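First the structure, in the form of structure tokens, and then the observations on it.
Just so it is clear, the structure is predicted and the values come from calculations on it, not from any experiment. All heavy atoms count here, side chains included; hydrogens, waters and symmetry mates do not. To find a chain, count down the sequence lines: A is the first, B the second, and so on, and within it residues start at 1.
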Amino acid sequence: MDDQTRMMTGLTGLGGLPQGDVGDPDSVRKQQSLGQPQQDIGDILQQIMAITDESLDEAQARKHALNCHRMKPALFSVLCEIKEKTVLSIRGVQEEDPPDPQIMRLDNMLLAEGVSGPEKGGGSAAAAAAAAAAGGSPTDSSIEHSDYRAKLAQIRQIYHSELEKYEQACSEFTNHVMNLLREQSRTRPISPKEIERMVAIIHRKFSSIQMQLKQSTCEAVMILRSRFLDARRKRRNFNKQATEVLNEYFYSHLSNPYPSEEAKEELAKKCGITVSQVSNWFGNKRIRYKKNIGKFQEEANLYAVKTAVDAANVSAQASQANSPATPNSGGYPAPCYTPDGRL
DNA sequence: AGCTATGATTGAAA
DNA sequence: TTTCAATCATAGCT
């Protein structure tokens, strides 16, 4: 800088124009007519270089004077061009970064969990689905359901308010920087492209903050979800009446203990449990029965007698001869039992 | 505390 | 998708 200054001073042989002259068209015209464009540019450059050595007031005045100089636009655009070709071409490499896959993942998850996206719909749908999968007695699941939904709504609210804050801060900061750069672009070579680039840099910085927000929101949802899933583990045994209904169906359909979808729905309704719980129960029952028929024989006999008695009652009431209640043909082996219900 | 019963989950198979 | 088989984790009993 010192060398440059000295060099330019040497070239022009001038220490700078009097302030009043710089912006004065007349003096410029005078100089122009003298045929000293080289010296003119040298002057300006020299003044720019020397500006930092001046007092604040002087520098301000000089700045203003230079801004009004007729050579300014031309010089400015040349400097912009030079800058564009040197500094910016290096940075140009990381231009146009593709949407962060991490952010996309987080976005998708937040959307799926109903944190982002449509206001109530997604959230309650997700919670409902989770609750449906959870099962449990209707009261339990609805309690957990509303609990889950409330917590999720809380997370959603925090997330949105934080996101709003973030967006506000981002746009405020961007505006601030843009204004600053625009302001500065009057005195130093800043091209609109460079401003754009700066905005992109700011947005990238802010997007990392956004990612943190999204990440911690995801974590919160995951924790909530795992707690919710843990709660599902805290099972309750089905009540006696429900177990009875299920066992009755099972043992009276021992030859083919695979209730149809409709039958499952009906059983679910009767027992006050979900269809998937009915499916679970039958899945467990089939496998456990098959594994140890002996253990279940007593139970089987009990229900066989029970259904036989029921059937008898029904047929007596209808005064009609109905088909036997236990169609044990194929499927799972039926227990052997005597009419008195013993082996 | 230890044991069994039982509802739920998971991964493979059909 | 449904079912099977193994397994988990808790309930509930002794």
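The side chain of Lys295(A) contributes no N or O atom lying less than 4.0 Å from OP1 or OP2 of dT4(B). Between Lys291(A) and dA6(C), a side-chain N or O to OP1/OP2 separation shorter than 4.0 Å is present.
For the residue pair Tyr289(A)/Glu299(A), the side-chain donor-acceptor check at 3.5 Å is not satisfied.
Computed from coordinates, the Asn239(A) CG to dG7(B) P distance equals 10 Å when rounded to whole Å. In this structure, the CG atom of Asn237(A) is 17 Å from the P atom of dA9(C), given to the nearest Å. Taking atom CH2 of residue Trp281(A) and atom C1' of nucleotide dA5(B), one finds them 13 Å apart after rounding to whole Å. Distance, Arg286(A) CZ to dA13(B) P: 19 Å, rounded to whole Å. Tyr258(A) places its OH atom 14 Å from the P atom of dA14(B), with the value rounded to the nearest Å. Atom P of nucleotide dA5(B) and atom CG of Leu246(A) are separated by 18 Å, given to the nearest angstrom. Counting to the nearest Å, the P atom of dA6(C) and the CG atom of Asn292(A) are 14 Å from each other. Atom CG in Asn280(A) sits about 16 Å away from atom P in dA9(C), given to the nearest Å.
Each of dA8(B), dT6(B), dC4(C) was ranked by its minimum atom distance to the side chain of Phe238(A); first place goes to dA8(B). Nearest nucleotide to the side chain of Arg288(A), out of dT6(B), dC4(C), dA5(C): dT6(B). Proximity note for Gln277(A) (side chain, C-beta onward) versus dA8(B), dT2(C), dG12(C): the nearest is dA8(B). Distances from the side chain of Asn284(A) to the nucleotides dA6(C), dC4(C), dA11(C) place dA6(C) closest. Looking at the side chain of Arg236(A), the nearest of the listed nucleotides dG7(B), dA11(C), dT3(C) is dA11(C).
Note: Tyr166(A) and Phe206(A) have tilted aromatic rings, judged against thresholds of 30 and 60 degrees for the angle between ring planes.
Residue-level contact check: Lys285(A) touches neither bases nor backbone, having no heavy atom under 4.0 Å from any strand.
Electrostatic pairing of Lys269(A) and Glu266(A) does not count as a salt bridge here, judged by no charged N lying under 4.0 Å from a carboxylate O.
For the ring-ring contact (aromatic ring centres under 6.0 Å, His included) criterion with Phe282(A), the lone passing option out of Tyr249(A), Tyr251(A), Tyr258(A) is Tyr249(A).
Under the 3.5 Å distance criterion, the side-chain polar atoms of His64(A) are left unmatched by any main-chain donor or acceptor of Gln60(A).
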